[in-house]
Amino acid sequence: MPFSVGEVFLESVSTGVITAEEIAWITAEQASFDRQEEAMVLKLGRLLDDGEIQIGCRLLQA
């Protein structure tokens, strides 16, 4: 599933959850990120470290 760093960042911040699949994609693609994307990924890492974002799964709303 293709992602963009912006989509992952916004979804994670708005739900408080980042999935293992998204983390795996970030680590696999990090060499191709521009400076803005790198900054977003660093912010995600800080939010994870601070406990504001949890690793988990999101339930789809029906």
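In this text the structure is predicted, and so the values were computed from the model without any measurement. Computation of the quantities below employed the complete heavy-atom set of this structure, encompassing side-chain atoms and omitting hydrogens, waters and symmetry-equivalent molecules.
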Under the 3.5 angstrom rule, does the side chain of [X] hit a backbone N or O of [Y] as a donor-acceptor pair?
{"X": "Glu11", "Y": "Val8", "result": "no"}
{"X": "Ser12", "Y": "Phe9", "result": "no"}
{"X": "Glu37", "Y": "Asp34", "result": "yes"}
{"X": "Arg58", "Y": "Thr15", "result": "no"}

- Distance from Met40 atom CE to Ile26 atom CD1, nearest 0.5 Å?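 Taking CE in Met40 and CD1 in Ile26, the distance rounds to 10.0 Å.
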
- Measure the spacing between CZ of Arg46 and CD1 of Ile53 and express it to the nearest 0.5 Å.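 Here the rounded value is 12.5 Å.
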
- Item | Passing candidate, side-chain contact (heavy atoms from CB on, under 4.5 Å) with Ile18, options Ile23, Val13, Leu47 |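 Result: among Ile23, Val13, Leu47, Ile23 is the only option passing the side-chain contact (heavy atoms from CB on, under 4.5 Å) with Ile18.
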
- Mind telling me whether Trp25 and Phe3 have parallel, tilted or perpendicular rings, with 30° and 60° as the class edges?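 The rings of Phe3 and Trp25 stand perpendicular, inter-plane angle above 60°.
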
- Task: May I ask you to decide whether Glu38 forms a salt bridge with Lys43, counting only side-chain N to carboxylate O separations under 4.0 Å?
- Result: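 The answer is no: the pair does not qualify as a salt bridge.
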
- When hydrophobic residues are tied together by side-chain contacts of less than 4.5 Å, even through go-betweens, does Val17 share a cluster with Ile55?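 Val17 does not cluster with Ile55.
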
